[in-house]
Amino acid sequence: MNPFLELGIREEVVKAISEIGFEKPSEIQEKAIPVLLTGSDDFVGLAQTGTGKTAAFGLPLLEQLDFSQKHPQALILCPTRELCLQIAKDLEKFAKYIDNVHVVAVYGGANISDQLRQIRRGVQIVVATPGRMLDIIGRNAIDFSSVKYVVLDEADEMLNMGFQEDINNILSETPEEKKTWLFSATMPKEVRRIAQKYMTDPFELTVGTKNTGNANIEHQYFLVKARDKYAAFKRIVDSNPDIFGIVFCRTKIETQEIAEALIKDGYNADALHGDLSQQQRDKVMKRYRDRNLQMLIATDVAARGIDVNDVTHVINFSLPDEIENYTHRSGRTARAGKTGISISLINIKEQSKIRQLEKVIGKSFERKQVPEGAAVVEKQLLTIINKVNNVEVNEEQINQFMPAIMEGFESLSKEDIVKRFASLEFNRFLEYYKNSPDLNIEAREVSGDRRERDDRGPRQSSKGYTRLFMNLGSVDEFSRGDMLGFICNTANITGKSIGKIDLKGVFTFFEVQDEEVNKVFEGFKGIDFNGRQVRIEVSGASEGRSDRGSRPRGGGDRGGRGRSERSGGFGGERSGGFSGERRDRGGDNRGGDRGGRSRGGDRGGDNGGFRDFSGKRRESKSRY
Ligand code: AMP
């Protein structure tokens, strides 16, 4: 007997899911379906994306709703438009052989009148993103008084995106006695709080270990100098010619830059981030889904809800600021029982982050060596041989051209022809990897002092500190550690005088002990960075002090242009880095003499620890 029938799913549904290849239940389906079919419990399911969650709640819903009625009986809230559409589509597929099932997908960025029309026609299941749902509720266009089930899917993501209040407002429209089913990949305290607030004694289910990534994911990291990151990344990609990957960056700008660099270097890649219009994003996603794109370069927010199967690699070009995001990122691979690899490119200072991640996901990371140029070349060669061996020859089509082809190659021996065909694809790698340097660096323990600073997390109290603004930020390739070093070196103060550093895209806020503020203004007088005048101002937005104006302290003429000795040195060292590398196809070959940021890999006090997850939700929404 079909195992889904045994679980209590009706024949029509089993027929439909068999047609889409569901032969036996996934772990979460096997465990959740019997509980949810009773309809009498609230439910919390801790499960990654890709584990079959949609059917785990979708199939029980189909068993319990009354499709002879045409009013909303189930509401599914999820974080993104993509996920919303996917869930609605899946439910429709599951319900293919049940009559009168009406599902509506309600999400922002699309025409609201179509959605309202569908609701008016009558629906039993509403799948929605919170913002648009509230909009529709505000128009009194929906009646939730008969809702029996609310599903909160990817609850952690919804909270991450700042939907807490919206969710509260939406839930207050639904009856007290409804059942709430919550699914989440991770269980930060905010999700726990929601569970406590809206549920009574929920049935809890964890698939895999708590907070643990999918067991089928291999976690690897490569230790490289910051300035060699892009070159190392390319080697990894080149030694995996069949890669179908998602590359995660921290900011929109980084995402765009890397995608552009890759395209310029001949790779099949494109960017996905929040500055693109919905239409552009859909287009990129379609190309990726159709496998016309080999690599998708994405920010965390833009990649939410990506549900493409068979992703072979997730590459963390930059580690996420928030530790929870690592699980979300790596969960984009190894979906539906497949295996996958999650790779992180880190510099020396980020080793402590790997240790933190190991603790959180309960799995160890394997350090891998960036392959040598020769190994990459060999891998490419074998791939070409393989491709030639396996190419499908269309005899009929090619035969008509054979006489011309044979004539064209008449003067060449077989060996010559083989050599030339291989060279067509191969030359770019031979040239690129000629004399390529070793990009690996030795791991070293982070010193005790450093670790103390790394782990202390954001400062709560800013008493005794002045918050300053600087017109340089992560766009200028600063990490927090870089910034700390830059400030200390330039102002000639110690790291102890610096409080919280809030590194933004094109600017940074940092706290300095009140008594050291003048030194900062003095030190930065006339300083240029990569030809740009560095501007320091007292931040108007600082809290708790009445005497902070927007006028700089003691810095009357700090705007002088002259390049100081110090600035020359620092600016010069930084000027290579990523952009130098990418403009230069041969950059990898000449890593040693490129004049890149020689201190890029180990300067400053580092960004060691992850940001405090709980305190930063709204911020991540605006940053990406
Ligand atoms: P989900 O976690 O619901 O997004 O599902 C992840 C992927 O697994 C989707 O492509 C589903 O179609 C597929 N899937 C879910 N359940 C099963 C199953 N029992 N057998 C085979 N594939 C499944």
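Atoms within each ligand, like the ligands themselves, are counted from 1 in listed order. The basis for the numbers below is simple: all heavy atoms, side chains too, and nothing from hydrogens, waters or symmetry mates.
Side-chain atoms of N111 come within 3.5 Å of backbone atoms of S113 as a donor-acceptor pair (strictly under, hydrogens ignored).
Ligand 1 has no atom lying under 4.0 Å from any heavy atom of Q86.
Using a 4.0 Å cut-off between heavy atoms, F94 makes no contact with ligand 1 at all. Using a 4.0 Å cut-off between heavy atoms, D90 makes no contact with ligand 1 at all.
The heavy atom nearest to atom 5 (O) of ligand 1, considering only A55, G52, S26, G58, is found in G52.
A cation-pi arrangement is absent between K179 and Y149 under the rule of less than 6.0 angstrom and at most 45 degrees off the ring axis.
Near N309, the atoms of ligand 1 lying under 4.0 angstrom from a non-hydrogen atom of the residue are 10 (O). Atoms of ligand 1 lying under 4.0 Å from at least one heavy atom of T54, given by number and element, are 1 (P), 3 (O), 4 (O). Using a 4.0 Å cut-off to heavy atoms of F4, the atoms of ligand 1 that qualify are 19 (N). Atoms of ligand 1 found under 4.0 Å from any heavy atom of T51 (numbered from 1 in listed order, with element): 2 (O). The atoms of ligand 1 that sit less than 4.0 Å from any heavy atom of G21 are 21 (C). Close approach to K24 involves these atoms of ligand 1, each under 4.0 Å from a residue heavy atom: 18 (C), 19 (N), 20 (N).
D135 and R139 are joined by a salt bridge, as a carboxylate oxygen and a charged side-chain nitrogen come within less than 4.0 angstrom of each other. A salt bridge does not link E260 with K264: none of the charged nitrogens is closer than 4.0 Å to a carboxylate oxygen.
Ligand 1 has no nitrogen or oxygen under 3.5 angstrom from a nitrogen or oxygen of E23.
Aromatic ring centroids of F248 and H328 lie 6.0 Å or more apart.
With sequence neighbours excluded, the residues satisfying ring-ring contact (aromatic ring centres under 6.0 Å, His included) with F233 are F317.
In this structure the side chain of Q220 never reaches within 4.5 angstrom of the side chain of S344, judged on heavy atoms.
Listed by first and then second residue, the ring pair (Phe, Tyr, Trp, His ring centres under 6.0 Å) pairs involving residues 40-61 are F43-F183, F57-F183 (not counting sequence neighbours).
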